Amino acid sequence: MRHRIAVIGGGPAGLTFARVLRRHGYPVTVFERDPAPDARPPGGTLDLHEQLGQLALDKAGLLAEFQALSRPEGQAMRILDTDGTVLRDWRPRPDDRANPEIDRGRLRDLLLGTLDIRWGRTVTQVVPGTSDGALVRFADGRQEAFDLVVGADGAWSRVRPAVSSATPHYTGVTSVETALDDVDTRHPDLARLIGDGSLAVYGVNRALVAQRNSGGHVKVYAQFRAPLDWHTNLDPADVEALRSTLLALFDGWAAPVLELLRHGGTFVHRPLHVLPVSHTWPHVPGVTLLGDAAHLMPPLGAGANLAMLEGAELAESLAGGPDDLDDVVRAFEEQMWARAGRWAKITTAGLERLVSPDPAEALALFDQVQPS
Ligand SMILES: Cc1cc2nc3c(=O)[nH]c(=O)nc-3n(C[C@H](O)[C@H](O)[C@H](O)COP(=O)(O)OP(=O)(O)OC[C@H]3O[C@@H](n4cnc5c(N)ncnc54)[C@H](O)[C@@H]3O)c2cc1C
């Protein structure tokens, strides 16, 4: 196989695709919008499932390194009532490797390895079916043609319009993210409250979730139902105004829980958008999608896992499959759509239950997923 293959986006999907393809000895060009790997904060922690993300890392030959870098103890989950009562306190067995956590930055570095990435190359459009193949247009005015362009450019994909008119829509749930550093030394009470993994508190139509990353870093997510424009009257630079607004939203919750919101130095607004459940498209020769670009869903522990497995599977199929790219990609798409559709249904229903008018729904969901 000596096809010209490009992947747009150096996230979990694109990097896993490139790593596995390269492991099989095939060249691939990765275009990434960020100017450098550390151009922006890498984000929080990801749990990688044995049958999804970890399987993808195995296909990339990186499972042993992942096991050394990941935090199995990070699977721990504590759920509190809004009055601070501990409702569940689940801890993994020491040998439990079902869903260990890894910092996104560490995962990115692991996948990057010695891959050659074209940094700072923002794609604006992909035009399939030109006489020279699929044409990739860049923000800097350049363009390049390939036999296959793989869109792994996330939620707001610029590749997606080449195959589908679908766009993400707002779920009605928004998330505001803040973070604590050196939690064990600077906020020891909070460190104890959070434990080794995640802490979640579910109230009426709102939730507070804290997740431990490595190095005493904790990400805190305040999630609630609100109109998309709920914050238009707030100055994003006015941290104290944002803090007071959030504290008012969670008014009446136990004081130790509210401490999670009192110390963060910045608040990042992330309204949760999704693509339609079971998003598919009529196959377009020379272009396909992976990960969030194909099936953006609520952030309930599946998106990066699916993105990575899809990247690994498409790469393996291209390396081992027939020479006809289209046959390989068609078969891959059918498989991706079926699995992603199942997960989109699960995570969409999950979000409804986690940020719900009846907080007992969240607890029932946890008991279903993690029976004691
Ligand atoms: C708070 C939160 C917690 C989450 N936790 C988990 C979890 O525990 N487990 C899990 O499996 N999933 C989790 N997810 C979901 C997960 O983050 C995503 O599903 C995953 O990152 C998707 O990977 P991707 O490679 O498809 O897209 P992305 O990670 O979005 O990567 C896309 C890449 O493409 C680049 N790019 C974008 N546009 C362009 C362009 N025009 N040109 C060139 N490059 C471009 C971007 O810079 C980026 O590097 C979480 C999500 C959130 C928001």
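Remember, it's 1-based here, ligands and their atoms both numbered in the order they're listed. The shown structure was predicted, so the numbers you read here are calculated from the model rather than taken from an experiment.
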If you take the nearest heavy atom of each of [options], which one is closest to [atom]?
{"atom": "atom 23 (O) of ligand 1", "options": "Pro12, Pro298, Gly291", "value": "Pro12"}
{"atom": "atom 3 (C) of ligand 1", "options": "Arg33, Arg104, Arg158", "value": "Arg104"}
{"atom": "atom 41 (N) of ligand 1", "options": "Val123, Ile102, Leu306", "value": "Val123"}

- [ ] Using the rule that two of Ile, Leu, Val, Met, Phe, Trp, Tyr join whenever any of their side-chain heavy atoms come within less than 4.5 Å, decide whether Leu261 and Tyr202 are in one cluster.
- [x] no
TODO: On the 0 to 90° scale, with breaks at 30° and 60°, tag the Phe146-Phe31 ring pair as parallel, tilted or perpendicular.
DONE: perpendicular
Open item on the list: Please verify the inter-ring angle class for His273 with Tyr170; under 30° counts as parallel, over 60° as perpendicular, anything in between as tilted.
Closed with: tilted
In this structure, does ligand 1 have an atom that sits under 4.0 Å from one of the heavy atoms of [X]?
{"X": "Phe138", "value": "no"}
{"X": "Gly44", "value": "no"}
{"X": "Met308", "value": "no"}
{"X": "Arg40", "value": "yes"}

Open item on the list: Please determine whether a side-chain nitrogen of the Lys or Arg among Glu313 and Arg339 lies less than 4.0 Å from a carboxylate oxygen of the Asp or Glu.
Closed with: yes
TODO: Indicate yes or no: does Asp358 engage Arg353 in a salt bridge with an N to O separation below 4.0 Å.
DONE: no
Hey, which atoms in ligand 1 end up nearer than 4.0 Å to a heavy atom of [X]?
{"X": "Gly11", "answer": "25 (O), 31 (O), 33 (C), 49 (O)"}
{"X": "Ile8", "answer": "42 (N), 43 (C)"}
{"X": "Arg121", "answer": "42 (N), 43 (C)"}
{"X": "Thr122", "answer": "41 (N), 42 (N)"}
{"X": "Ala152", "answer": "32 (C), 33 (C), 34 (O)"}

Backbone or side-chain N or O of [X] under 3.5 Å from ligand 1 N or O:
{"X": "Ala13", "value": "yes"}
{"X": "Ala304", "value": "yes"}
{"X": "Asn305", "value": "yes"}

Task: Pairwise side-chain contact, Arg108 with Leu15, heavy-atom cut-off 4.5 Å (strictly under) - done: yes
Task: Side-chain heavy atoms of Ser164 within contact of His279, under 4.5 Å - done: yes
Open item on the list: Counting only heavy atoms closer than 4.0 Å, does ligand 1 sit against the backbone of Trp156, its side chain, both, or neither?
Closed with: neither
- [ ] May I ask you to identify, for Ala302, whether its side chain, its backbone, both or neither come under 4.0 Å of ligand 1 on a heavy-atom basis?
- [x] backbone
Task: Closest approach of any protein heavy atom to atom 2 (C) of ligand 1, naming residue and atom - done: Pro299 CB, 3.9 Å
Task: Of Asp153, Asp34, Asp140, the residue whose pairing with Arg121 passes salt bridge (charged side-chain N to carboxylate O under 4.0 Å, His left out) - done: Asp140
Open item on the list: If you take the centroid of each ring, where Trp contributes its six-membered ring, are His269 and His231 closer together than 6.0 Å?
Closed with: yes
Task: Test log, rule side chain to side chain contact (heavy atoms under 4.5 Å, CB included), inputs Phe66 and Arg106 - done: CA-CA 9 Å; Phe66 167 76; Arg106 288 192 173 178; over 6 Å; no
